[in-house]
S.K.: 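Once you've had a glance at the structure underneath, I'll fire off some questions.
Letters A, B, ... are given to chains in the order of the sequence lines, protein chains preceding strands, and every chain is numbered from 1.
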2 protein chains.
Amino acid sequence: MNAPARKPTMSRETLLPPMMAHVIAEGLGQASLRPLAKAAGTSDRMLIYHFGTKEQLVTDLLAHVAGVYAAVLDAAIAGAEPPATRGELLARLLAQNGDPAMQPFLMLWWEIVGGAARGLPGFRPAAQAMVGKLLGWLEAQMPPGDPDPAGGARLLLTVVEGTLMLSSLGHAETAREGLLAGGLLPT
Amino acid sequence: MNAPARKPTMSRETLLPPMMAHVIAEGLGQASLRPLAKAAGTSDRMLIYHFGTKEQLVTDLLAHVAGVYAAVLDAAIAGAEPPATRGELLARLLAQNGDPAMQPFLMLWWEIVGGAARGLPGFRPAAQAMVGKLLGWLEAQMPPGDPDPAGGARLLLTVVEGTLMLSSLGHAETAREGLLAGGLLPT
DNA sequence: GTGACTCTGTAGCGAATGCTACGTCAGCTT
DNA sequence: AAGCTGACGTAGCATTCGCTACAGAGTCAC
């Protein structure tokens, strides 16, 4: 009655997406081999076979996360008309990142930042890739005619990251009040 | 020849400082009972005896970290003359936090933020206590005659946190350029 | 066929995890 | 003196950790 058990032939590429979904949902701290394998529909034995080491698995997984993040930004830049002012761009950014759907990714982001700060293998390259990508995206999205797109993008990057951190702690309103007081957000 | 082995009678209060030193040095992720006990000069058995549960231990430990942080801020506010401008205050903050001696605490901070974002028990109260304390400290340190001390403090808080995050990833210069472009830092 | 190679399942290793059972010993009260 | 209590050590439990040894099944070249 049952099919003759086809051969899926798992590879690193097919294993990474479900594992990424797992770490986004459960966190990197709880990412041990057996739960990861279960999420990917395989066994811990197979994960070691494909990646060699858990450390290499985490490195590859973080690189994959950075790649997906870059792809999301690339997709977002395609169908977007440029904002008129820096404030409008900032408001757009905060609206996107304040979306509750973004929260699981933000939880993962803080673990990546912490790992990068501690120098854990694979964390810093992934974090720098994502920050670098976001910075480039911001430069490309700066309002036309902006007097200093490079500096403005760096300002927005700093302000957005600070706001996201405070938002993760339940201080989103505090950050918003600060940005309004600083004239960075349109009223 | 040797003294008759005095009885130190460990309590929660005497155990917390060496454990805090341990988590600052090694991180919360590696904070299991036996290493923590070794750092405090006792055994895992005694940690459970005093705190009841590891979860309660972590909660108490984070509260203790928040208390020490608040005490440090209180000490810093005592012998400080007020800055002349917001930019000067911001420069002072970034100089303090850019100190390499602060880096181990920053590593711990990202773990606390991550735990708070995930809702781990004890993390969010500790993180909110520290952010709230820093915000109050900033309000008290705002330049005299500032038109909007409350809003300005919130702006500086957001900007400082964003800068610290980027600094932890090796993007300190990026944040600095942004703050200069935004006129928030004096040239 | 026969061997070589790739992929995968089962079983298990030694270490570390949080926590408990049990006993000891000092100091107190009665 | 007898008993109680709080502080501590020793030993161990069940579970999970990353990882390995070994065997089986499928495919391909010869």
S.K.: Might you confirm whether atom CD of B/Gln30 has over 12 heavy atoms from other residues, nucleotides or ligands at distances under 6.0 Å?
M.R.: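 Open.
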S.K.: Rounded off to whole Å, could you give me the CG-to-P distance for the A/Leu15 and C/dC7 pair?
M.R.: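 From A/Leu15 CG to C/dC7 P: 12 Å.
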S.K.: In whole Å, I'd like the distance from the CD1 atom of B/Ile48 to the P atom of D/dT10.
M.R.: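 Taking atom P of D/dT10 as the reference, CD1 of B/Ile48 is at 18 Å.
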S.K.: Which pairs, with at least one residue in residues 31-52 of chain A and sequence neighbours excluded, count as a salt bridge (charged side-chain N to carboxylate O under 4.0 Å, His left out)?
M.R.: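 Checked against salt bridge (charged side-chain N to carboxylate O under 4.0 Å, His left out) - neighbours excluded - the pairs reaching residues 31-52 of chain A are A/Arg34-A/Asp44.
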S.K.: Any side-chain N or O of B/Ser32 below 4.0 angstrom from OP1/OP2 of C/dA16?
M.R.: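 For C/dA16, OP1/OP2 do not have a side-chain N/O of B/Ser32 under 4.0 Å.
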S.K.: Rounded to whole angstroms, how far apart are CD on A/Glu55 and C1' on D/dC17?
M.R.: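 In whole Å, D/dC17 C1' and A/Glu55 CD are 16 Å from each other.
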S.K.: Atom NE2 of A/His50 to atom C1' of C/dG9: distance rounded to whole Å?
M.R.: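 These atoms are roughly 13 Å apart.
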S.K.: Heavy atoms within less than 4.0 Å of DNA chain C: which residues of residues 114-124 of chain B have one? Give them sorted by number.
M.R.: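 Per residue number, the list is empty: none.
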S.K.: Between A/Leu33 (CG) and D/dT16 (C1'), how many Å, whole number?
M.R.: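 These atoms are roughly 11 Å apart.
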S.K.: Closest approach to the side chain of B/Met46, judged atom by atom: which nucleotide of C/dT8, C/dG18, D/dC8 is it?
M.R.: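 Nucleotide nearest to B/Met46's side chain: D/dC8.
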S.K.: Taking side-chain contact (heavy atoms from CB on, under 4.5 Å) as the definition, give me every residue that meets it alongside A/Arg124, ordered by chain and number, with sequence neighbours left out.
M.R.: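 side-chain contact (heavy atoms from CB on, under 4.5 Å) list for A/Arg124, sorted by chain: A/Ala116, A/Gln128.
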S.K.: D/dC17 P sits how many Å from A/Leu47 CG, rounded?
M.R.: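 One finds 13 Å between P of D/dC17 and CG of A/Leu47, rounded.
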S.K.: Under 3.5 Å between N/O atoms: give me all the protein pairs with nucleotides 11-15 of chain C, atom names plus distance.
M.R.:
residue, atom, partner, partner atom, Å
C/dG12, O6, A/Arg34, NH2, 3.3

S.K.: With sequence neighbours left out, which residue pairs that include part of residues 96-113 of chain B fulfil the salt bridge (charged side-chain N to carboxylate O under 4.0 Å, His left out) condition?
M.R.: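 Only A/Arg118-B/Glu111 qualify under salt bridge (charged side-chain N to carboxylate O under 4.0 Å, His left out).
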S.K.: List the atom pairs, with distances to 0.1 Å, where a side-chain N or O of residues 18-26 of chain A and a protein N or O form a donor-acceptor pair under 3.5 Å, not counting sequence neighbours.
M.R.:
none

S.K.: Identify all side-chain donor-acceptor contacts of residues 159-169 of chain A below 3.5 Å with residues at least two apart in sequence or on another chain.
M.R.:
residue, atom, partner, partner atom, Å
A/Thr163, OG1, A/Val159, O, 2.8
A/Ser167, OG, A/Thr163, O, 2.8
A/Ser168, OG, A/Trp110, NE1, 2.9
A/Ser168, OG, A/Leu164, O, 3.2

S.K.: Would a distance-only check, ignoring hydrogens and angles, find a side-chain to backbone donor-acceptor pair under 3.5 Å from A/Thr85 to A/Glu88?
M.R.: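 Pair found, side chain donor or acceptor close to backbone of A/Glu88.
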S.K.: If you pin A/Gly52 and A/Pro35 to their nearest nucleotides in DNA chain D, which one's is more 5'?
M.R.: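 Final value for this comparison: A/Pro35.
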S.K.: How many Å lie between OH on B/Tyr49 and C1' on D/dT10, as a whole number?
M.R.: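 So the OH-C1' distance, B/Tyr49 to D/dT10, works out to 17 Å.
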S.K.: Ignoring hydrogens and angles, write down the donor-acceptor pairs under 3.5 Å from the side chains of residues 170-179 of chain B, residues two or more places apart or on other chains.
M.R.:
residue, atom, partner, partner atom, Å
B/Glu177, OE1, A/Arg154, NE, 2.8

S.K.: List for me each residue that meets side chain to side chain donor-acceptor pair (under 3.5 Å) alongside A/Asp146, sequence neighbours excluded, and say none if there are none.
M.R.: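 With sequence neighbours excluded, A/Asp146 shows a side chain to side chain donor-acceptor pair (under 3.5 Å) to A/Arg86, given in chain and number order.
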S.K.: For A/Ser43 and B/Ala31, take the nucleotide of DNA chain C holding the closest heavy atom to each; which residue's nucleotide lies nearer the 5' end?
M.R.: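 Checking each residue's closest nucleotide, the 5'-ward one belongs to A/Ser43.
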